[in-house]
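Lettering of chains follows the sequences in order, A, B, ..., and the numbering in each one begins at 1. Keep in mind that this is a model prediction, so the values were computed, not measured.
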Amino acid sequence: MAPVVPVVRVQPGDFDMAGEVEALTAGRTDIGAVVTFLGMCRDEEGRLSALELEHYPGMAEGEISRVAHEALARWPLQGLTVIHRYGRIAPGENIVLVACASTHRRAAFEAADFLMDYLKSRAPFWKKEFGVDGREGEWVEARESDERAAERWQR
Amino acid sequence: MAPVVPVVRVQPGDFDMAGEVEALTAGRTDIGAVVTFLGMCRDEEGRLSALELEHYPGMAEGEISRVAHEALARWPLQGLTVIHRYGRIAPGENIVLVACASTHRRAAFEAADFLMDYLKSRAPFWKKEFGVDGREGEWVEARESDERAAERWQR
Amino acid sequence: MRLIYFAWVRERIGKTQEDVDLPAEVKTVADLLSWLRTRGEQYEHALQHPDVIRVAIDQEHVDHRERLEGAREIALFPPMTGG
Amino acid sequence: MRLIYFAWVRERIGKTQEDVDLPAEVKTVADLLSWLRTRGEQYEHALQHPDVIRVAIDQEHVDHRERLEGAREIALFPPMTGG
């Protein structure tokens, strides 16, 4: 079987979840499970008008690729897509997509869960809040719980 | 906040994953994460031409609803969709969709994982294999590992 | 009382469903499975390993100790393989 | 050597990037952070809690004991909040 090449994209524009899942599965009859994670921008109970996502160009793609290859080494996946947006994103819009295809559902679930935890702790992105008055707010603080979530996968 | 009403459908026809996710999230700015599980028919290395899914009408919907309400009681979800097909399904076609929307990614992941494990062990569906020669084959045997997976969630 | 069968239980018994009058001594699911096995070779073949037979009364899963009284519809089927 | 800053490290220092010549005694990431803090109030404000500063050398995460020799681009930034 040909080695799986993960799809990794870091882009300002939106993505099409259905199209990405279709690209993973089209014409294939060996995939039993696709797990997707879609991360969206919340308004934090009406407090926010937008998030601005800053990223480190080059390193962002590089770290996501590294994490994707680690997932491929750990689980029997037949396809893997990670797309992360940057720039100004309004509440209700998409931020990140992870999609994992596998013969077996457990592998697809675990790989998607792992990818999200590792993206949070290793991909160089930073979120800044903008209030409903349009004014620049605070940088979102990293959460201890995200750090601990990533540590679950260390062996 | 209005109580969440899960979407549960048992149907012979295909479903539209993107449309279902859109229905969960449209016009909302309080959802941070949507996890979907898409189960598809495999050809088992070219051995199968189709699966025939038999179900217990009425009870299938009832058990899926019960499991959906259990997920709503255990995790803070803002929306939940489960669709399970029955009838003849060819390799590469969709069988089941679970979609869970939440403010928090861990809740969305765990609820989707739980729903799939519980569907496998409680929803009255049975799969029969059809070989590439078109002849009726064996009923798929339940796997001990699916039983154990469901037991993970007992508390 | 209506009995309803699915998957290989249905195929082996050769019926989708049937209405039966149960003898008074058939009080539990386990009693029902034993009694059905006396009804002929096809039932014997379908129910030869009663432990694997799953049962629902009025569309709810029950175990083999469950009492039948008040039941309208009893379904017998193999372990499920949905999802 | 090129230094590059992100998020509130960038805002506090007031620069996106800069090229610097490091003194010979600045050998590790920790040395670099200490040295930068001597370069003025803005650096002092940005790097006052060096423990929270994350560092990448040539686009790979490193810890504060990492040696700088051979580095072309060193990035300083707060803990990441993507995903």
Side-chain angles (χ1 to χ4, degrees), chain A residues 8 10 37-42 51-67 82-87 89 94-98 112-129 136-150, chain D residues 1-20 28-30 32-33 36-37 41-83:
Chain A
V8 172
V10 173
F37 177 91
L38 177 65
M40 304 177 75
C41 179
R42 286 175 285 138
L51 287 175
E52 174 91 28
L53 270 104
E54 181 168 335
H55 79 300
Y56 185 171
M59 183 172 170
E61 291 86 344
E63 282 297 313
I64 294 174
S65 288
R66 235 187 290 259
V67 171
V82 182
I83 304 175
H84 203 304
R85 292 179 65 191
Y86 62 87
I89 296 178
N94 298 328
I95 297 175
V96 61
L97 177 71
V98 163
D113 198 1
F114 165 88
L115 280 161
M116 282 309 303
D117 283 343
Y118 263 52
L119 283 183
K120 289 248 174 203
S121 73
R122 286 177 43 177
F125 290 86
W126 302 271
K127 293 190 183 106
K128 181 171 218 169
E129 299 182 341
E136 222 173 292
E138 297 298 309
W139 291 94
V140 172
E141 280 198 56
R143 292 187 311 174
E144 181 64 28
S145 61
D146 288 333
E147 201 60 46
R148 280 199 308 273
Chain D
M1 180 168 305
R2 170 149 303 175
L3 299 180
I4 175 167
Y5 310 120
F6 292 99
W8 53 251
V9 173
R10 171 179 57 70
E11 287 181 343
R12 290 176 188 178
I13 290 177
K15 293 176 185 168
T16 300
Q17 59 178 62
E18 61 185 319
D19 292 316
V20 296
T28 66
V29 166
L32 173 65
L33 294 174
L36 283 169
R37 289 174 67 184
E41 210 172 283
Q42 291 176 298
Y43 291 91
E44 176 59 34
H45 178 46
L47 307 176
Q48 63 188 317
H49 301 296
D51 286 357
V52 307
I53 303 297
R54 305 300 173 93
V55 181
I57 295 184
D58 297 334
Q59 306 197 351
E60 291 197 28
H61 292 295
V62 296
D63 74 26
H64 288 195
R65 290 163 304 183
E66 188 76 13
R67 297 181 64 86
L68 306 178
E69 55 202 356
R72 291 180 306 276
E73 177 175 286
I74 303 177
L76 308 186
F77 43 79
M80 292 151 286
T81 54

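- The two atoms that bring D/Gln59 and A/Arg66 nearest to each other are O-NH2, 3.6 Å, heavy atoms only.
- Rounding to the nearest 0.5 Å places NE2 of D/His61 at 7.5 Å from OG of A/Ser121.
- Of the possible polar contacts, none joining the A/Lys128 side chain to the D/Trp8 backbone as a donor-acceptor pair under 3.5 Å is found.
- Note: D/Phe77 and A/Tyr56 have perpendicular aromatic rings, judged against thresholds of 30 and 60 degrees for the angle between ring planes.
- Heavy atoms closer than 4.5 Å to chain D are found nowhere in A/Glu138, neither backbone nor side chain.
- Of the possible donor and acceptor atoms, one in the side chain of A/Trp126 sits under 3.5 Å from a partner among the backbone N and O of D/Pro78.
- A/Met59 has its side chain out of reach of D/Glu73: every pair of non-hydrogen atoms, C-beta onward, lies at least 4.5 Å apart.
- Heavy atoms of A/Lys120 lying under 4.5 Å from chain D belong to its backbone as well as its side chain.
- Considering CD of D/Glu60 and CZ of A/Arg122, their distance stands at 9.5 Å, rounded to 0.5 Å.
- Contact count versus chain A (heavy atoms, under 4.5 Å) is highest, among D/Arg54, D/Met80, D/Arg10, for D/Met80.
- The two residues D/Phe6 and A/His55 have their closest heavy-atom pair at CE2-O, 3.4 Å.
- Across every non-hydrogen atom of D/Thr81 and A/Val140, the tightest pair is CG2-O, 3.4 Å.
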